[in-house]
Protein chains: 2
Amino acid sequence: MGSFDQNMPANPVAELPSEPLESIPSLTVDCVIFGLSDKRLKTLLVKHAIGDSKGEWGLPGGVVYTKESLEEAASRMLGDLTGVQGIYMEQLQAFGDVERAGSEKRVITLAFFALVQPEHYELAISSDASDAIWCDVKERPELIFDHDKIVDVGIAYLRRRIRYKPIGVNLLPAKFTLGQLQELYEAILDEKLDKPNFRRKMLRINFLVCCNETQDNVPHRAGVLYRFDQENYDLLCDKGFSFEF
Amino acid sequence: MGSFDQNMPANPVAELPSEPLESIPSLTVDCVIFGLSDKRLKTLLVKHAIGDSKGEWGLPGGVVYTKESLEEAASRMLGDLTGVQGIYMEQLQAFGDVERAGSEKRVITLAFFALVQPEHYELAISSDASDAIWCDVKERPELIFDHDKIVDVGIAYLRRRIRYKPIGVNLLPAKFTLGQLQELYEAILDEKLDKPNFRRKMLRINFLVCCNETQDNVPHRAGVLYRFDQENYDLLCDKGFSFEF
DNA sequence: TCAAAAGTGTTTGTTATACACCCATGT
DNA sequence: ACATGGGTGTATAACAAACACTTTTGA
């Protein structure tokens, strides 16, 4: 893949295009929804119940309606296919290779991205899907079309995003320990982090508030519980910050 | 604008959508092309010569053809409307509000982004445009549709992007001084930077090579010329880096 | 008493920030 | 001689990385 600022090819348009297109056969939306369970990063997949791709796994998605925004389309699709309702999604990227959905019909898709707590949602399977699961991103089945690539782009985006915007509000319980927060980052980055250094960095960002409470029913020393400081958290979502792990 | 990780509204889908849509009326592509001239950040604008928006300024763009990828569409459009050929563009974001192009017809657009040297291109105006200019981003006219917002998103993206990927290859001459490089960053960020600190940081990134030459015909001490080390530059485009200004 | 995770401290080296300062050149 | 931008040095504080260590708890 040519990187943006590298030397340019003389002309990336390989051949002259065909006739203008008054209407794109299909604009769809697909959702890359990440969640944490069993200390692993999971993504939400559905098994198609109808059409050419019956029986195959893919991302929840579908065709955009005329009178809904792209964001509304993504929310609706996700709710319909999986029962996951009312979450806020970010645009990831459009995927529009001519034959990405097979050679007959051109389908351009816009991928959305979100982070949620799997245990907050009961997966409800629609008539268009025969199954919906939270799947470990590292052990996922082969997906239809270019959905594997879309998931990879989603993971890459997430790994970059955690360096400049807070995450966690939708991935952790309201009160959590620094250990749980670290497990979250480790699951996303797929690497172990140094505990003392991680704690110091997180506390310095200044979006955590100590609850003056500790865990209970844990088979080891109870950790102090923290929560996100909503005001600073929101501020940092806008302003961003920057650090390395 | 609700930030991704903030508390979610109960359900962002305000009203139930209308009938399914077999075909989107229009998918277009718009290009936010930035360049540096007179030490200012400029963007490429065209004046529409036809249609409802005749006489108004907007971004170069148009409808995607059936047999071209999105990237090809963006390149073609830019070349046709302005004569700027053969540049590599990055996807920025899709804009799809229902009434973004007026209330009659729904038009979804995908914005692309690129950085070029204005003086490398002779602006050639097509029949669909009556004018094409490089316009200071801070003094631009009001643009059609939501193009003002698209330019703002482009600027915000650029300002974030320079923190983790190299820029400059397409914005500066092959050989340049550290002063010119600093002017570039200052134009993008719209703020003055400390010279000694800027130099140290840039040199530490390790994508610059000293040419062992100096400027000439300058009315002050001649600066040492540098060029980009293509190999490390490309590597950093992939890997990314991270710093603050 | 042991495992497991919480939590603290310290050392070493690097980087950021904010300056003051000198250098070379054309007018 | 001076304005202009090129270029260097330095003191202070902040931060990163690596690692050793102590604490609390349930089993």
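Note that these values count all heavy atoms, side chains included, but never hydrogens, waters or copies made by symmetry. Chain identifiers are assigned alphabetically (A, B, ...) following the order of the sequence lines, protein sequences preceding nucleic acid strands; residue numbering begins at 1 within each chain.
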Shortest non-hydrogen separation from A/Ile144 to A/Gly58 and the atoms involved: CG1-CA, 3.9 Å
Minimum heavy-atom distance A/Leu184-A/Ile167, with the two atoms named: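 Looking at all heavy atoms of both residues, the shortest contact is CD2-CD1, 3.9 Å.
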A/Tyr157 versus A/Gln93, side-chain donor and acceptor atoms under 3.5 Å: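 The criterion, which ignores hydrogens and geometry beyond distance, is not satisfied for A/Tyr157 and A/Gln93.
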Candidates [options] - which lies nearest the side chain of [X]:
| X | options | value |
| --- | --- | --- |
| B/Lys201 | D/dG6, D/dT24, C/dT17 | C/dT17 |
| B/Pro196 | C/dT8, C/dA20, D/dC15 | C/dA20 |
| B/Arg199 | D/dT8, C/dG7, C/dA5 | D/dT8 |
| B/Arg200 | D/dA20, C/dT15, C/dA18 | C/dA18 |
| B/Arg221 | C/dC23, C/dA16, D/dA18 | C/dC23 |

Rounded distance in Å - [atom1] ([X]) to [atom2] ([N]):
| X | N | atom1 | atom2 | answer |
| --- | --- | --- | --- | --- |
| A/Phe198 | C/dA6 | CZ | P | 11 Å |
| A/His220 | C/dA5 | NE2 | P | 6 Å |
| A/Gln180 | C/dA4 | CD | P | 19 Å |
| B/Gln215 | D/dG6 | CD | C1' | 9 Å |
| B/Lys192 | C/dT17 | NZ | P | 17 Å |
| B/Leu208 | D/dG7 | CG | P | 12 Å |
| A/Asp194 | C/dT11 | CG | P | 17 Å |
| B/Leu181 | D/dG5 | CG | C1' | 15 Å |

Heavy-atom donor-acceptor pair, A/Lys195 side-chain to C/dG7 base, under 3.5 Å: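 Counting by modelled atom types and ignoring angles, a donor-acceptor contact under 3.5 Å is found here.
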DNA chain C: 5'-proximal contact among B/Asn197 and B/Val218 (nearest heavy atom):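 Counting from the 5' end, the first nearest nucleotide belongs to B/Asn197.
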Quiz item: cation-pi between A/Arg160 and B/Tyr164, 6.0 Å / 45°: yes
B/Asp194 and B/Lys201 ion-paired at < 4.0 Å: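 Looking at B/Lys201 together with B/Asp194, the answer is no, because their closest N to O distance does not fall below 4.0 Å.
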